[in-house]
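One-based numbering along the sequence shown.
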Amino acid sequence: MQKAQWVDIKNLAQALGFKIETLRRGCVSNKYISRFVKSGKYKNYEIDIASLPEKYLKKYNNILNDKNKNKNLQFNSEVYDNAQEWQRKQADKYLQLFTLTEGMSHNKTVEFLKNWNVAHPDQKVCYTSLYYAKQKYKESGVAGLLSQKGQGNKKQSIIPEDYYEYYKSLFLREGAPSAFFCWQATLGFAKEKDNIDILKFPSYKTFERLLKSRVPKQAIYMARFGNAAWNKKFASYIPRDYSNLRAGSCWVSDHAQIDVAVNFNGSVCFPWVTVFRDVKTSKWLGWFLHAEAPNSDHIFQAFYYGVQHFGLPDDIYLDNGKDYRCKDFAGGRTSSIKVEHNSMKENSLLKNIGINVHFALPYNAQTKPVERDFLKVKSFLSKGFVGYRGGKITERPEKLKDEIKADKIMQFEDFKVLFDDFIENFLNKKPSKGKVLQGKCPDELWAQEFTNKKVISKDALKLFCMRTSKTMTIGRNGIYDSQLQLTYWGEWMICEKGRKVFIRRDINAYQEAWVFDAQTEEYLGKGNVYHAVSFLAQTNVEKAQYKEAIERKNKEKKILKSYIKCKYNPSNEEIVANLKNGLEQTEFISTPTVSQITNTKMDQIVNQEKKSDKNLQFKYVAQPKPKKTLYLTESQKRRALERCAM
């Protein structure tokens with residue numbers, strides 16, 4: 001018996017073009033097989049499609065088929081659009097053959113396909129394949145014609161899931177262990193667990209294929225080489241728009257070590273460069289080549305050079321290294337990584353001159369455009385120089401040792417001259433086809449867009465670019481700098497000994513320093529280096545230095561004495577009198593009422609003593625002790641004692 005197919009009278013009336021009331025009356029009069037569901041006082045009728053007259057049933061089925069066709073067409077369109085190109089090629093081939101072979105007999109179709117295969121050797125097809133393709137097209141539409149190679153119908157892997165998971169845990173480790181190593185360890189795991197037959201154990205290639213079919217390539221790379229390597233190769237990046245950025249408004253800074261060996265004071269070194277570069281034009285504005293490892297001194301010097309020639313920027317984009325985060329330059333940052341710096345640091349150089357500071361993410365070269373310039377320096381300068389060592393050990397030339405041993409490498413000063421010339425006359429003038437320069441060179445774009453130069457006085461710039469020391473104390477001889485083992489002195493320090501201060505000074509001229517209060521950052525005065533004098537002043541210069549030191553000490557005494565000069569000289573009597581006069585009240589009058597208490601125990605004792613004069617006479621007098629008799633001999637003493645006993 002066919003199962004009933006129930007349709008709501010509202011949907012049926014809409015499909016057949018009837019009124020709902022007409023169908024409802026037919027249900028009430030049992031014209032159709034119907035049922036109802038009561039909802040309140042209303043009855044919602046449903047009609048069995050099979051009970052409709054034949055012409056209405058046919059009309060309803062045609063409408064339903066049209067809807068299904070539209071759905072299939074929409075589904076096929078979506079599947080075709082989402083399919084890979086190599087999948088669509090097969091569908092396009094069969095659709096073309098369907099059109100070309102339409103209405104042909106079997107023999108004509110076979111003959112046509114022979115000619116087709118000759119003309120299209122990369123799209124060969126036989127009659128059987130064409131026949132089955134037509135069947136799939138009738139059943140599933142275009143979706144049935146798409147190539148399914150590598151899709152579905154996959155056989156179950158012969159590798160047990162537990163073995164696969166163990167192999168996966170070994171293969172997806174940083175350090176990139178080999179597939180054979182992971183397979184060998186998995187084999188031992190399987191033998192220990194299930195005592196398997198080694199001859200029937202899947203090969204390491206089978207394990208590797210299974211893992212790569214289940215785990216995406218990017219995930220494998222991340223697990224085996226780390227997040228940083230994955231970020232450089234696969235991770236999406238954030239494009240930057242420089243259209244609203246003015247030339248000279250934002251600078252970026254970083255360090256880099258030049259991969260060229262040079263001779264510095266008799267030893268081999270690979271110099272460093274600290275650079276400030278314009279973000280918009282890529283022009284190097286200030287740079288400083290140095291042999292030592294980067295520190296804040298080099299940052300100050302490079303910044304000083306840039307501001308001296310091109311004025312002040314509005315913003316600076318800095319590396320996240322410790323030297324850039326020193327409190328005197330950028331104000332430092334908090335422990336968590338933030339883009340904005342801590343502007344509350346009191347002695348921040350950039351805060352004092354009104355520059356906004358932004359810190360790049362640590363260990364992320366993608367956030368600093370200047371990193372691309374260092375690659376250009378390596379490609380166009382370092383690789384062609386004698387003494388090139390390569391960026392890593394695998395790039396190191398074999399001739400490097402011989403070049404250093406034969407003393408063919410350049411002197412540091414000579415290399416510095418060539419490096420400066422390379423930056424000024426090649427790197428800043430080399431055209432680029434990037435999205436910002438668009439065929440122009442950095443100097444050209446800078447000349448076109450740099451229109452506003454913000455400058456400060458040379459003295460103020462020099463003062464701001466001094467090195468800020470740690471907090472110090474003004475001692476007996478001035479401010480002692482333990483780092484340089486120098487003492488700074490100024491006459492104004494005579495009255496400021498014991499005060500907490502910090503100093504600013506030129507990195508190339510430590511002879512003078514500017515002193516500021518450590519708490520308020522108030523400028524106190526200038527100090528000059530104070531040198532110790534010779535123990536035995538013999539030459540005229542030593543005598544002059546000794547004389548100057550004596551004069552300084554006497555002057556200090558004289559200045560202090562000027563503070564202790566007094567107008568008055570009070571005597572001792574005057575001091576005591578003034579102390580008494582300083583009291584508000586000196587006389588205090590009291591008028592108490594006198595009352596006598598008699599007949600106490602003490603009074604009774606006194607009366608008794610008065611009545612007994614004799615007792616009173618000897619009461620407090622000690623009685624005399626009798627004198628002892630002296631005997632000349634023992635026999636005399638014995639006779640005397642016998643007489644007393646009788």
How are the rings of [X] and [Y] set relative to one another: parallel (under 30°), tilted (30 to 60°) or perpendicular (over 60°)?
X      : Y      : result
Tyr167 : Phe207 : tilted
Phe426 : Phe380 : tilted
Trp446 : Phe450 : parallel

Contacts under 3.5 angstrom, residues 390-400 side chains, donor-acceptor by atom type, not counting sequence neighbours:
{"from": "Glu395", "atom 1": "OE1", "to": "Lys378", "atom 2": "NZ", "distance (Å)": "3.0"}
{"from": "Glu395", "atom 1": "OE1", "to": "Gly391", "atom 2": "N", "distance (Å)": "2.8"}

Pairs under 3.5 angstrom only: tabulate donor-acceptor contacts from the side chains of residues 194-201 to other protein residues two or more places apart or in another chain.
{"from": "Asp194", "atom 1": "OD2", "to": "Tyr163", "atom 2": "OH", "distance (Å)": "2.3"}
{"from": "Asp197", "atom 1": "OD1", "to": "Leu199", "atom 2": "N", "distance (Å)": "3.2"}

Looking at residues at least two apart in the chain, or sitting in another chain, which of them share a side-chain contact (heavy atoms from CB on, under 4.5 Å) with [X]?
X      : answer
Lys401 : none
Glu161 : Tyr164, Glu165, Arg214
Phe180 : Ser178, Trp183, Gln184, Tyr204

### Query
Got Asp278 and Cys250 here, is their nearest side-chain heavy-atom distance under 4.5 Å?
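When only atoms from C-beta onward are counted, Cys250 and Asp278 do not touch, as no gap falls below 4.5 Å.
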### Message
Are Trp230 and Gln218 packed together at the side-chain level, in the sense that at least one heavy-atom pair is separated by less than 4.5 angstrom?
### Response
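Yes, close enough: below the 4.5 Å cut-off.
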### Task
With sequence neighbours excluded, tell me which residues meet ring-ring contact (aromatic ring centres under 6.0 Å, His included) with Phe374.
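For Phe374, no residue satisfies ring-ring contact (aromatic ring centres under 6.0 Å, His included) once neighbours in sequence are set aside.
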### Task
Answer yes when Glu449 and Lys280 have at least one side-chain N-carboxylate O distance shorter than 4.0 Å, and no when they do not.
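Looking at Glu449 and Lys280, the cut-off is met.
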